[in-house]
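Shown next, in structure tokens, is the structure this report addresses.
Chain naming here is simple, since letters A, B, ... match the order of the sequence lines and numbering starts at 1 in each. Excluded from the calculations below are hydrogen atoms, water molecules and symmetry mates; all remaining heavy atoms, backbone and side chain alike, are included.
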Amino acid sequence: MINLTAKKGQVKNPSTSEPIIGRISKNANLPASIRDKYILILDDSSKIESNGFLAYIRFGEEIASISSSRDVFTLPETMSYLQEGDVIKLNPSTGGVRAIHRKSAHHNALLVTEQCNSFCLMCSQPPRKINDSYLVNELERAIPLIDTNATEICLSGGEPTLLGDSLFSLINKIKLYLPQTSLHVLTNGRKFKNLELAKRLQDINHPDLMLGIPLYSDVSDIHDFVVQAKGAFDETIRGILNLKSQGLRVELRVVIHKQTYKRLPNLAEFICRNLTFVDHVALMGLEITGFTKVNLDALWVDPCEYQSELTEATHLLDKFRIHTSVYNHQLCLLDESLHKFSVKSISDWKNEYMPECAGCTKMNECGGFFSSAIIKYSNNIKPYF
Amino acid sequence: MEGSKNPHKRKVASVDVDLRVFNMDAVKSACYRLADVGQASIKVNPNDDKYLLIAFSLPSSYSDAEVECFLDEFNTELIDYDLRIKIREETAVSRNLILAYAFADTKLSEE
Amino acid sequence: MEAANLAKKFNNQEYYQEKLQDKLYQFLPFRFSRLNDKVFLSNEVGEYCLIENSEFKKFASHELNVNSNIYHNLKAKHFLFDDIESVSLDLLGIKLRTKFQHIHNFTSLHMFVVSLRCDYSCKYCQVSRQSEDKSQFDMKESTALKGIDFVFESPSQSIKIEFQGGESLLNFSLIKFIVIEAKKRNEKENRDLEFVIATNLSFLSDEIIEFCSEHGIYISTSLDGPEHLHNKNRARPGRNGYELTTNAIARIRDTLGPDKISALMTTTEASLNSVKEIIDEYMSQGFNSIFLRPLSAYGFAVKTREAQKYDTSMWLEFYKEGLDYIIELNKKGIFFRETYASIILTKILTPYNPGYVDLQSPAGAGSSAVIFNYDGKVYVSDEARMLAEMGVDKFLLGNLDENTYAEIMGSDVLLDCLAETITESVPMCRDCAYQPYCGADPVRHFAAEGDWVGHKAKSGFCNKNMSIFEHLIGLLESDSETKRILTSWIRT
């Protein structure tokens, strides 16, 4: 597990109290004219010979003898995975750092807000009612710095559509600065019950955009219960219909837990009948983080117990030629016929293996576990030999 | 539906239907449905026009049990067709909405 | 429903259940029919629920328990709604539009009878001629050209041109002519054009194979069963029909490919006891599906109602035995499909229309398929053409050489036929729970009863189809393996 954030660090001679957002470079000899966008990683020597960078970072213990340049941040060792090309935010007030975009990572999720109009029982990013418009502002600054070879980025929250206009300008900016990057936006889709919003999104004309929308049941009140919002099901479906009517790509995401697994085949049937035009369906394992921890009793079910429902649902969707994937499940827990649908989906920064996995020949193919799974995971983990 | 002349050697079974309970259309539909077995002759009771008199002409080979069975079936059909009328009435509005939604904005309705 | 053990700030499921003011819920349009001791319900787009009688009574009286599984199923499948804001009406509208999309596309199958000449004298055929005189019974090029014009008047993007007869290969030069002309026209039209030659294969030659290969043409032939049965039904000089046909099938498989050859069987009384042998024959000839077709139409016009009933019940035994056998084969790991079942299952289990002409409402006759006889006369279907040969020209729409497309496809014959037989409104069909899966067959009903609507309580067509629907639904609800097998047959 990698920590994307370190709240506190040491900072020497901060020249500003405003957050610093920049791209990491190892090259002390970058042309002077562009240095002010980069953050230089200092090598072991304590001397700073190059000037003009946005800031300087190093890892480990503070060295008293470091020369008195401005904006030198000493970060904990846990952050030493940061490398050239990563985009980070440094906080001069606390010495803290947040990794916004990592060049080498396959999955990069950009948090746009922590506010939400739902309150899912298993929310992995519990909503906070605070003014977090600074998040979008920082992203607006970060996007031009992100490596243009990035294959995919993801916008998530909270609920991104609560940003209103800022969301559209953010997406537009991403389109302009990262035209070759796939954009995945995670949203509950409810605000798109307003067709105008869907049209506005289509008008941006992003070349490779997919909206990932959760749908937890074929029965409206069960879905509303899981997301703890009355009318959410109807709004979400209307949102999906509007988005598809504008030609936008939609993925349905289903988190499988005690409240949703029984009707999983019914949900699959519902999708095949009513939402047959969706571009992808992701059937996902539970992440033991956020609200899941406090609702564990109502949510936890060993994946072994729902294999027949999962198998039936997956094969039905597949029969209807709906592109389907199974995420966040360990291969040894999955029915053999589902292995070909299984995708290594856990972001590398939260991915682990358990002691029971020792010696397993399929470790590489298997996605492993969420780091948070240490709290609770299946009793039936068995390595392949 | 006026019954045809009763061919001789057919069995006849009769039933009274209370029009305060059952819709006339339901009666006709039920008779139509069973027409391949029993030919129905329907009249209004001359003494009490709230009742219909229905005489079914059934195959001569039918035993009493089979006749009873036929009448039970007729009764079930009658109740079912009556229910169908009720359902149709209750769903008329939503049905029109669904049809309107289905065919609005398609060239089918414009051409 | 047990209450979930949730942290404090979370609400239980009951909190999210809406209730309408005076009733628990309202119905959405549905039909119902009794199936053994249960009740089968279907909605406007063919989604179904099979429930106990006691549950149906509660449902019908608006007394169903809102926490029950049945309630959830009926709500999710759009048989009821309990919220004014419900999106179910929108979804039903979209599904209904999908279901009727094919009407908008109109006619796709166009059959050209290129010749009535034939080397066979099959028991059930009323059409073919054995004459040597080509000019009398072959379609003329000028007629064919008018037929091609007609084809491209259809708005359908997908166009299938099928060559029939008699024996179509006896006029192969006209087939070539039509294929080349149609392809030329299609350079501008840009439709999805497909060609099929229906033939007994007696006259298959290298030249023909090469032409078919060059133009991607499909071949459809007749194989009634094992040798003794096939030759009994389908007589030709030399009595070697089976040998010729099966050799040709193998040859086509090797040259054009296995996906380019298909076979149809015609069921006669002689077939009724041999369904397993017929299926085995199809498997040994390398096919992975069979269409167990109804008893041949010939003679049905003259049979008494009693005889028709007998025929229907004998055929149903034949069909069910065949279907059971095929399911057993699938359970052993052999993928083999019964085509009629797969068409019906597609209607039951998916929102799509499988495009089978004889199970559509409005009727597929004309609206989906049309046939041009060798003499230019236009009929709504092959059966209609055969009826005409027997002296009944009720379904003659016009003549390519004398009438325009508008006159033919806009004729009263066609429009009245379609409008008056539409199953959404005719007696019994209107209320039948299987209506979404069934269709109008005006030609068959007219031939059997003199009335193109037909009295469905007495109709062999209705009896047959209802029995099959009930049988298939019973199978779907029986065991999960059978359900999985049947689901694998649907066309998506």
Item checked: Spatial distance of atom CG (A:N242) from atom CZ (A:F192) [nearest 0.5 Å] -> 9.5 Å
Margin query: Please determine whether the number of non-hydrogen atoms from other residues, nucleotides or ligands lying under 6.0 Å from atom NZ of C:K331 exceeds 12.
Written below: yes
Checklist line | Heavy-atom proximity to chain C below 4.5 Å, by part of A:L299 | finding: neither
Check: When you look at NZ of C:K99, are more than 12 heavy atoms from neighbouring residues, nucleotides or ligands closer to it than 6.0 Å?
Finding: yes
Item checked: Contact origin within C:D90 toward chain A - heavy atom pairs under 4.5 Å -> side chain
Check: Is chain C contacted by the side chain of A:E235, its backbone, both, or neither, given a heavy-atom distance below 4.5 Å?
Finding: neither
Next item on the list: Heavy-atom pairs under 4.5 Å with chain A are the metric here; pick the option from C:K95, C:E47, C:K77 that has the most.
Entry: C:E47
Checklist line | Expected output: side-chain A:K319 to main-chain C:S488 donor-acceptor under 3.5 Å | finding: yes
Checklist line | C:Y218 six-ring face occupied by C:K260 cation (under 6.0 Å, within 45°) | finding: yes
Notebook entry, point to check: Under a 4.5 Å heavy-atom cutoff, which of A:L316, A:D218, A:L275 has the most pairs with chain C?
Noted result: A:D218
Margin query: I'd like to know if the side chain of A:T292 reaches the main chain of A:T289, judged simply by a donor and an acceptor atom lying under 3.5 Å from each other, with no hydrogens or angles considered.
Written below: yes
Item checked: Stacked cation flag A:K230 on C:Y15, 6.0 angstrom / 45 deg -> yes
Checklist line | Closest-packed option against chain A by number of heavy-atom pairs under 4.5 Å, given C:L92, C:T492, C:V45, C:T487 | finding: C:T492
Note to self: Quick one, C:Y25 with C:Y71, criterion ring pair (Phe, Tyr, Trp, His ring centres under 6.0 Å). Give me CA distance, side-chain angles, the key distance, then yes/no.
What the structure shows: CA-CA 10 Å; C:Y25 51 87; C:Y71 184 85; 5.6 Å; yes
Notebook entry, point to check: What part of C:I490 lies closer than 4.5 angstrom to a heavy atom of chain A: side chain, backbone, both or neither?
Noted result: both
Next item on the list: Mark yes or no for whether A:D224, through its side chain, and C:Y16, through its backbone, hold a donor-acceptor pair below 3.5 Å.
Entry: no
Next item on the list: May I ask you to name which of A:A298, A:C272, A:A232 has the most heavy-atom pairs under 4.5 Å with chain C?
Entry: A:A298
Checklist line | Option that, when pairs with chain C are counted at under 4.5 Å, heavy atom only, ranks first among A:Q228, A:R321, A:Q259 | finding: A:Q228
Next item on the list: Give, as side chain, backbone, both or neither, the part of C:K8 having an atom under 4.5 angstrom from any heavy atom of chain A.
Entry: neither
Check: Given that the side chain runs from C-beta out, which part of A:F270 has a heavy atom under 4.5 Å from chain C: side chain, backbone, both or neither?
Finding: side chain
Check: At a heavy-atom separation under 4.5 Å, does A:L296 approach chain C through its side chain, its backbone, both, or neither?
Finding: neither
Margin query: Is A:A229 close to chain C through its backbone or its side chain, or both, or neither, when contacts mean heavy atoms under 4.5 Å?
Written below: backbone
Note to self: Which atoms of C:I94 are under 4.5 Å from chain A, going by heavy atoms: the side chain, the backbone, both sets, or neither?
What the structure shows: side chain
Margin query: Once you measure the plane-to-plane angle for A:H223 and A:Y216, does it fall in the parallel (<30°), tilted (30-60°) or perpendicular (>60°) bin?
Written below: parallel
Checklist line | Largest heavy-atom contact set with chain A, pairs under 4.5 Å, which of C:N69, C:T98, C:L349 | finding: C:L349
